Structure formats: structure tokens, C-alpha cells
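I have placed the structure first, in the form of C-alpha cells, so that the comments after it can refer back to it.
Please read these numbers as outputs of a predicted model, since none were measured by experiment. Ligands are counted one by one from 1 in listed order, and the atoms in each one are counted from 1 as well.
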Amino acid sequence: MNVDKLFYENLFEGLFSDPCQVEFWDGDINQFGEGDTKFRIILREPIPKSEIIGDSSLAFGEAYMQDKLEIEGSVREVIESLYKNQESFLHKNPSYLKLVKFISNGVRKSKENAQYHYDIGNDFYRLWLDDTLTYSCAYFKSPEDNLLQAQKNKVDHILRKLNLQKEQRLLDIGCGWGELILTAAQKYHVKALGITHSQEQYEHVRSRIEHEHLKDWVDVQLLDYREIKNQVFDRIVSVGMLEHVGKEHLGEYFATVQKLLVDGGISLLHSITGRDEKGTNSWINKYIFPGGYIPMVSELIRQMESHDFYLLDVESLRSHYTRTLEHWAQNFEQALPLIRESKDESFIRMWRLYLQSSAASFNCGNLDLHQFLFSKGPNNHLPWTRDYIYN
Ligand SMILES: C[S@@+](CC[C@H](N)C(=O)[O-])C[C@H]1O[C@@H](n2cnc3c(N)ncnc32)[C@H](O)[C@@H]1O
């Protein structure tokens, strides 16, 4: 028997928690696990052993992108089947435990990283996000909520938590396509500033401000969170942006919020959180979110304490992110004929893997989503119960 095949057979043996088949490049088919096969992996050509040993996530992710590896069945189920067998997965993929390399996300690098992900066409994002182009975990108050409703629920939920008062100044760090700042100005009559690194988001928000006649209330600027000078805010919110900051810069993020918030001011941080210090997956880091780092809850709470913030409330929305990703992944597949007009197959396979593997990670609990509410110094004006958020 060919030595390469033995390597693969050892690798796949006991790797998945479900029975599956692997079809090799020469037509040989191996069954792993007993019972009805849940999925089938087709290796159209061998992936070099050195690549798998060096970094299995990267090696298999790239093989999938390049169509050297095909999956018959659900991509998400394959990844969940891996994650559910955590011990065997880690034993066979020691490279997975490597700590993330030091990443220096200075202002210039952060901008470059953000533009890599976001400036690939608003038309592309329009095809699979909801109409408000909200690109973060939604909030499904009822199982019947569609994605648009759930994204609006999320924005409302956050704005309620912030306990906004008329004429207050609100800063949104990483405002995306602007739904939160526009809604805040319309519903609560606050003065809102949104910042983003993405040129395309910036132009979209500017045109929404114009169309919705909100020039006196809402502003958007192309700025890094470290570039805001000579201004203070009563409320600071950041939704789905901290994941871009990087482990080495978390302190800088909290120091910035500390500097920009008035005494007694309130901030809400909505971020993906992880369960170990690895912080990110190497394939995701190379192809989807360069410079990204998923912090642990404990790291964030330590940062809040060392920057003298008062933690008010923490909420997990993990299952809501699984469902959000299911919506995005389904919209993405439905939009494929249109996506194919501007994107090639390797891009499509890359995004499919990103959306499906993220859904698997949230569903298996490797990733979570937390909203943290905290104040600069004690705030004695907030209502005494959480009723103000829910009523
Ligand atoms: C996942 S999107 C979330 C957008 C929006 N908050 C939402 O919920 O739809 C992340 C946002 O963070 C912004 N961003 C990333 N790095 C940034 C930085 N260093 N300074 C300011 N904004 C940044 C991106 O430009 C993008 O707008």
C-alpha cells in the first residue's frame, strides 16, 4: 500500500464523531466509523503530509478552496463532527493549539485588514445580508423572526441597554453600513458619530444620512478608533469590531474608550469570544480576517477592570449567532448565480467554508457572542432592574 494512503487512513481513523467515507484520488473508498454514512470526503489529489502536519486547518481549508477536496453532504456537519470529537481532533491536529503569532495592528495595518474584508463590493454584501446590511449577530426574539426583524431587534436591544437620553453624544466604533447610528438618531434624538475603515461602508452611510435628512444628527468618518481626538461621548458602542483589534492591542482599545467616555458614561461591547488563548483559526486569519483575534471573556473582563470600568451586565447570544449564520449561509447559496457574475469559484468556496465553519463553531460552543455593558466610574442613574431593557 502507498505510504501516503496509510498516513491519511491513520489521520481519518477516529477523527470524526460520525460515520463517514473518504474517497481517495485513485478511486479507493474507506469507511470510517460504523453505521449509516453521514458525509463523504473526496480527496481529488493528495495534500502534502508536511502541510497537514504543519497546519492542518490551513492545509484542509486551502484544499477545499482549490477544489482538491470535495464534501458530499453538509460542510457544517463535517466540521461539527470534527469539533464534537474534540480530544481526537486535538490529538491529531496538535498544530491547532499553536498560539497565534504576535500581530501588530497599527492604524495603517488595521485599515488594510479591514478593507481586505469589507471593500469587496457593497453589492456582494447586499446579496446575502438583510436590507439594513447589518453584519453581526442578530437577536431572534421569536423563532419566527426573519433576519431583517432579528437585526432590527438587535439594534433596539443594544440601544435600550445603553439607556440613551435625548441630545446625548453616541460613538459607534466600527459602524459598518450605519444602521445603528441612524436608528439611534431617529428613535432617541442623540448625536451619533460612526467610524469605519471601509471606504464603501463610509460612502453608503453618507448617502443614507443624506437621504434620511439626518445631517444635523449623524456623522460618519473614515477613522481608526485610535484617531479620534478632542471629543468626548456619553455613550460608546462597538458591535463586531473588537475581533479586528488583536490581542496585543486590547489594552489600547479599552484605554481609548476610557479616554473618550465622560465620567459615568456607558459603553456596550458586542464581541465574539473564544474559549482559549489561541484566539483564531489560521485559515480564517489568512483568508477571511487578517489580523483578527477572538478574545476570551476573562481577558475582556480583566481589561475592563484594569482600565477602571464598572461592569454592569453580560449577556451571551451564542445560539443567536448560529441562527444568524444559518440565514447568511442560506442567502449566500441562493444568491450563487448572481455572486458568480463577479466572484470566482475559489472565492465562493472560501466564503462557504467561512460561513459554514462559523455556524459549526457557534453551535458546538467553540465560539460565543457576548454583550458587555460597563460604565466609566460608577453610574447611579441607571434603572435598578433590567426591566428598562425588556419593557
Ligand atoms: C463586522 S463589521 C460590524 C459592522 C457593524 N457594527 C454591524 O454590526 O453591522 C466591523 C466593523 O469594524 C470596522 N473596523 C475594523 N477595524 C477598525 C478600526 N481599527 N477602527 C475603526 N473601525 C474598524 C470595520 O470597518 C467594520 O465597519
Which residue holds the protein heavy atom closest to [atom], what is that atom called, and what is the gap in Å?
atom: atom 21 (C) of ligand 1; answer: L223 O, 3.4 Å
atom: atom 3 (C) of ligand 1; answer: V239 O, 3.3 Å
atom: atom 9 (O) of ligand 1; answer: Y135 N, 2.8 Å
atom: atom 14 (N) of ligand 1; answer: M241 CG, 3.8 Å
atom: atom 5 (C) of ligand 1; answer: G174 O, 3.4 Å
atom: atom 26 (C) of ligand 1; answer: Q201 OE1, 3.5 Å
atom: atom 2 (S) of ligand 1; answer: Y118 OH, 3.3 Å

Mark up the atoms of ligand 1 that fall under 4.0 Å of a heavy atom belonging to [X], in ascending order.
X: S110; answer: 19 (N)
X: G240; answer: 1 (C), 2 (S), 10 (C)
X: S136; answer: 7 (C), 8 (O), 9 (O)
X: S198; answer: 25 (O)

Distance-only donor-acceptor check, side chains [X] and [Y], under 3.5 Å:
X: Q371; Y: K161; result: yes
X: Q201; Y: Y125; result: no
X: Q66; Y: S346; result: no

CG (D36) with more than 12 external heavy atoms under 6.0 Å: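 Result for CG/D36: open.
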Neighbour count above 12 (heavy atom, 6.0 Å) for R275 CZ: no
Within the structure, does [X] bring an N/O atom to less than 3.5 angstrom of an N/O atom in ligand 1?
X: I173; result: no
X: G176; result: yes
X: H197; result: yes
X: D224; result: yes
X: T196; result: yes
X: Y225; result: yes

By side chain to side chain donor-acceptor pair (under 3.5 Å) - contacts of E305 (at least two apart):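 Once residues adjacent in sequence are excluded, E305 has no partner under the side chain to side chain donor-acceptor pair (under 3.5 Å) criterion.
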Those residues that, when tested against Q330, pass side chain to side chain donor-acceptor pair (under 3.5 Å) (two or more places apart):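 Q330 satisfies side chain to side chain donor-acceptor pair (under 3.5 Å) with no residue once adjacent residues are dropped.
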Single hit among L367, L300, L242, L369 for side chain to side chain contact (heavy atoms under 4.5 Å, CB included) with T273: L300
Quick check with a 6.0 Å cut-off and a 45 degree axis cone: is [X] positioned over the face of [Y]'s six-membered ring?
X: K5; Y: Y8; value: no
X: K343; Y: F124; value: yes
X: R349; Y: Y64; value: yes

